[in-house]
Amino acid sequence: MEIYVVRHGETVWNAKKLLQGRADIELNENGRKLAGITGKVLDNVKFDYIFSSPLIRAYETACLIRGHRDIPIIRDDRLRELSFGVYEGEDFSALLKDETNSFHNFFKKPELYVAPEGGETLEHLSARAGEFMQEKIEPLAKECKRVMIVAHGALNKGIMTYVKKHDTSMFWSGGLQKNCNVIIMNYYNGEYNIIEETKVFYE
């Protein structure tokens, strides 16, 4: 079975470099455009199911990629983005530069990242992403040819942490996905094979 793992299109907060996490921020016009182009390129690629985060930016991306096709979109709470707690809505670049808080380690040393008040750890995120793959995706291998997952930058890396079986220090292996970046992999006989991690269809 082939699996496409897609990051949502650009949002209003992405464009402003604001940390969004669980905040339910919609796509901007560029985000809708990127999702639409991705959908047109994939128009002749058959998907049995599309799984989506319930957050509007991911669900709208899933709808735009699906387009006119009759493909079920299934929303699952486990695909929600990492919660950044009190940091949500803050300036992303400023948080990274501030060496006095743990967000400074978020990309460079993810194993040292400590969730802020009200936030979620990367370990917890990876655990729920792995649970989703085990319970929802892997059982489909016997009946489906291809499925799509539309979610978020950190959540999708949680999926890949499970797929690659590595620890949190390697959380960002393969790099942060661009908006509407597609990871393509196969799942066969209980094993994953990564085909492409940085595919975009709009460049």
Side-chain angles (χ1 to χ4, degrees), residues 1-15 20-83 125-126 128-141 144-163 174-187 192 194-203:
M1 178 176 69
E2 203 168 43
I3 305 168
Y4 284 49
V5 183
V6 185
R7 186 186 176 201
H8 61 77
E10 187 182 66
T11 71
V12 177
W13 280 19
N14 284 154
Q20 53 197 352
R22 292 288 183 91
D24 206 4
I25 309 303
E26 66 180 5
L27 299 179
N28 61 18
E29 285 308 307
N30 185 52
R32 295 184 181 99
K33 176 183 176 183
L34 299 183
I37 293 171
T38 302
K40 285 180 181 178
V41 174
L42 296 175
D43 190 53
N44 293 319
V45 180
K46 185 183 183 302
F47 293 92
D48 296 285
Y49 297 102
I50 298 174
F51 293 88
S52 172
S53 160
L55 296 177
I56 189 63
R57 59 188 183 272
Y59 183 67
E60 186 178 4
T61 299
C63 291
L64 288 167
I65 291 175
R66 177 181 65 177
H68 62 88
R69 294 175 290 174
D70 183 21
I71 308 169
I73 298 179
I74 302 167
R75 286 175 278 195
D76 194 299
D77 275 346
R78 288 171 293 190
L79 294 176
R80 288 178 181 269
E81 180 60 302
L82 181 73
S83 172
L125 174 80
S126 297
R128 64 178 167 90
E131 179 186 90
F132 168 79
M133 296 299 286
Q134 290 175 338
E135 293 185 4
K136 290 291 186 181
I137 300 301
E138 292 173 5
L140 295 174
C144 294
K145 182 177 180 181
R146 189 178 293 106
V147 297
M148 180 183 292
I149 300 166
V150 183
H152 309 271
L155 186 283
N156 290 351
K157 286 301 174 180
I159 289 175
M160 299 310 291
T161 295
Y162 168 75
V163 166
L176 175 66
Q177 286 181 292
K178 295 180 180 181
N179 295 115
C180 289
N181 180 157
V182 183
I183 297 169
I184 305 172
M185 55 189 172
N186 281 322
Y187 179 71
Y192 287 95
I194 300 166
I195 300 168
E196 174 70 77
E197 283 195 78
T198 57
K199 185 70 175 178
V200 289
F201 294 103
Y202 52 82
E203 291 182 349

Checklist entry - Between Phe47 and Arg66, is any pair of side-chain heavy atoms under 4.5 Å apart? => result no

Item to check | Arg7 side chain to Val182 backbone, donor-acceptor under 3.5 Å | outcome: no

Item to check | Pairwise side-chain contact, Leu42 with Met148, heavy-atom cut-off 4.5 Å (strictly under) | outcome: yes

Checklist outcome for this item: Between Val150 and Ala58 the two heavy atoms that sit nearest each other are CG1-O, 3.4 Å

Checklist entry - Which is it for Gln177 and Val6 under the side chain to side chain contact (heavy atoms under 4.5 Å, CB included) test, yes or no, and what are the steps along the way? => result CA-CA 8 Å; Gln177 286 181 292; Val6 185; 5.8 Å; no

Next on the checklist: I want to check something: taking the side chain as every heavy atom from C-beta on, are Glu81 and Ile25 in contact at a cut-off of under 4.5 Å?
Outcome noted: no

Item to check | Closest heavy-atom pair and its distance - Ala154, Leu82 | outcome: CB-CB, 4.1 Å

Checklist entry - So, do Leu55 and His8 sit near enough that their side-chain heavy atoms are less than 4.5 Å apart? => result no

Checklist outcome for this item: Ala151 and Asn156 have their tightest heavy-atom pair at CB-OD1, 3.2 Å

Item to check | Test log, rule side chain to side chain contact (heavy atoms under 4.5 Å, CB included), inputs Tyr4 and Lys199 | outcome: CA-CA 10 Å; Tyr4 284 49; Lys199 185 70 175 178; over 6 Å; no

Checklist entry - Have Glu196 and Thr198 got a donor and an acceptor in their side chains that come within less than 3.5 Å? => result yes

Next on the checklist: Assess the residue pair Leu27 and Leu64 against the criterion (side chain to side chain contact (heavy atoms under 4.5 Å, CB included)); give the C-alpha distance rounded to whole Å, side-chain angles, the decisive distance to 0.1 Å, and a yes or no.
Outcome noted: CA-CA 11 Å; Leu27 299 179; Leu64 288 167; 4.1 Å; yes

Checklist entry - Can you check whether His152's main-chain N or O pairs, donor with acceptor, with Arg57's side chain at less than 3.5 Å? => result no

Checklist entry - Going by heavy atoms in the side chains, are Glu203 and Lys178 under 4.5 Å from each other? => result yes

Next on the checklist: Less than 4.5 Å apart, side chain to side chain, heavy atoms only: is that true for Ile149 and Met133?
Outcome noted: yes

Item to check | Glu10 (side chain) donor-acceptor with Asn28 (main chain) under 3.5 angstrom | outcome: no

Item to check | Tyr49, OH: over 12 other non-hydrogen atoms inside 6.0 angstrom | outcome: no

Checklist entry - Side-chain contact, heavy-atom cut-off 4.5 Å: Arg78 with Glu131? => result yes

Next on the checklist: Test your reading of the model: is there a side-chain donor-acceptor pair from Thr61 to the backbone of Gly9, 3.5 Å cut-off?
Outcome noted: yes

Item to check | Distance-only polar pair, side chains of Tyr192 and Glu138, donor-acceptor under 3.5 Å | outcome: yes

Checklist entry - With a 4.0 Å cut-off, would you call Lys157 and Glu197 a salt bridge? => result yes

Item to check | Side chain Arg146, main chain Lys46, donor-acceptor under 3.5 Å | outcome: yes

Checklist entry - What residues, two or more places apart in sequence or in another chain, satisfy side chain to side chain donor-acceptor pair (under 3.5 Å) together with Asp70? => result none

Checklist outcome for this item: One should read off an interatomic distance between Asn186 CG and Ile195 CD1, to the nearest 0.5 angstrom, of 4.0 Å

Checklist entry - Can you find a pair of side-chain heavy atoms, one from Leu155 and one from Arg80, that are under 4.5 Å apart? => result no

Checklist outcome for this item: In terms of heavy-atom contacts, Ala129 and Gly158 come closest through CB-C, 3.6 Å

Checklist entry - Would Phe132 and Asp76 count as a side chain to side chain contact (heavy atoms under 4.5 Å, CB included) if you check the C-alpha gap in whole Å, the side-chain angles of each, and the deciding distance to 0.1 Å? => result CA-CA 8 Å; Phe132 168 79; Asp76 194 299; 3.7 Å; yes

